[in-house]
Amino acid sequence: TDTGLYTCTATNAAGSASLSYSLHVQAPPQLWIGDGESHLTAAANTSLRIHCHATGMPPPQIQWLKDGQPLDGQEGVTVSEDGGTLLVTQVGLGHEGLYICQGSNWAGLAQAEVQVSVLVPPNIEPSAVDVAVPENGSASLECLASGLPAPDITWYKGHEQLSAGAGLSLSRDGKRLQVPRARLSHAGSYRCV
């Protein structure tokens, strides 16, 4: 770089004089997240680290924002002393959003951003496990599954995977298995996954 000490010297028969200048070249900040990611996903109840790499002269001051607001004091979120790493200790749905790493020095301002999505593992709410229905009566079995993204649901009778047909119908989201006219052959152990 051109940073350094520059000296000019003037000389003649009577002597010499010199003047020195210290030159400091400033470079505006450049920032990037991790390996250049623009989108990160994290599972609920895990931890998440976001690294913001910054270059510039003098070294830029780092500030973090979430959805345009400074991140100061958000619960469960800490920032390293140098500002370069943001840590979410226990990810929740409230941590989803656009995270911005902002760097500034005398030479300028720059930012890098990353969208964070939170995944929630599937969960099935317990419901009645023994269902009795008279022959030719109707039965409805529910699989109240939730998660992000919405989970795919598969029904089994014993070890055999079920699909609509043969006297059975499935709701569009797969959460309800209908037996409109129960026959003895429908008796058995059903499960949803």
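Nothing fancy with the numbering, it's 1 onward along the sequence. Since we're looking at a predicted model, the values are computed, not measured. Computation of the quantities below employed the complete heavy-atom set of this structure, encompassing side-chain atoms and omitting hydrogens, waters and symmetry-equivalent molecules.
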Contact check, side chains of L141 and W155, non-hydrogen atoms, under 4.5 Å: yes
Q30, CD: over 12 other non-hydrogen atoms inside 6.0 angstrom: no
Within one Ile-Leu-Val-Met-Phe-Trp-Tyr cluster: V77 and V114, side-chain cutoff 4.5 Å: yes
ILVMFWY cluster, L48 and L65 together (side-chain gap under 4.5 Å): no
Q178 and its side chain to side chain donor-acceptor pair (under 3.5 Å) partner, picked from S169, S140, S138: S140
Minimum-distance pair of heavy atoms, taken over all atoms of I62 and C101: CG2-SG, 3.9 Å
Flag if over 12 foreign heavy atoms under 6.0 Å of CD, E37: yes
Nearest-0.5 Å distance that lies between atom CD in Q26 and atom OG1 in T3: 9.0 Å
H159 atom NE2, neighbour heavy-atom count above 12 within 6.0 Å: no
Point-to-point distance, once rounded to the nearest 0.5 Å, from NE2 of H186 to NZ of K157: 7.0 Å
Heavy atoms from other residues, nucleotides or ligands near CG of N12 exceed 12 (cutoff 6.0 Å): yes
Flag side-chain contact, heavy atom, 4.5 Å: P29 against L109: no
Pairwise side-chain contact, L148 with L93, heavy-atom cut-off 4.5 Å (strictly under): yes
Distance-only side-chain donor-acceptor flag, H24 / S22, under 3.5 Å: yes
K66 side chain to H95 backbone, donor-acceptor under 3.5 Å: no
Heavy-atom donor-acceptor pair, D67 side chain to L98 backbone, under 3.5 Å: yes
Point-to-point distance, once rounded to the nearest 0.5 Å, from SG of C52 to CD of Q63: 11.5 Å
I100 CD1 to Q115 CD distance, which is reported to the nearest 0.5 Å: 10.0 Å
Crowding at CG, D152 (>12 non-hydrogen neighbours, <6.0 Å): no
Least distance between heavy atoms, L31 atom then G103 atom: CD2-N, 3.7 Å
Cluster check L71, L40: I/L/V/M/F/W/Y, side chain < 4.5 angstrom: yes
Test side-chain contact (heavy atoms from CB on, under 4.5 Å) applied to N45 and Q90, step by step: CA-CA 5 Å; N45 298 318; Q90 189 171 11; 3.2 Å; yes
From H53 atom NE2 to T85 atom OG1, the distance as rounded to the nearest 0.5 Å: 8.0 Å
Non-hydrogen side-chain atoms of L162 and L177 separated by less than 4.5 Å: yes
Flag if over 12 foreign heavy atoms under 6.0 Å of CD, E160: no
Co-membership, hydrophobic cluster, residues L19 and L5, 4.5 Å side-chain: no
CG on L170 to CZ on R176, rounded to 0.5 Å: 11.5 Å
Sidechain-backbone polar pair: W32 side chain, A112 backbone, donor-acceptor under 3.5 Å: no
Pairwise side-chain contact, V116 with I50, heavy-atom cut-off 4.5 Å (strictly under): yes
V131-L168 co-clustered via ILVMFWY side chain contacts under 4.5 Å: yes
Expected output: side-chain N105 to main-chain P58 donor-acceptor under 3.5 Å: yes
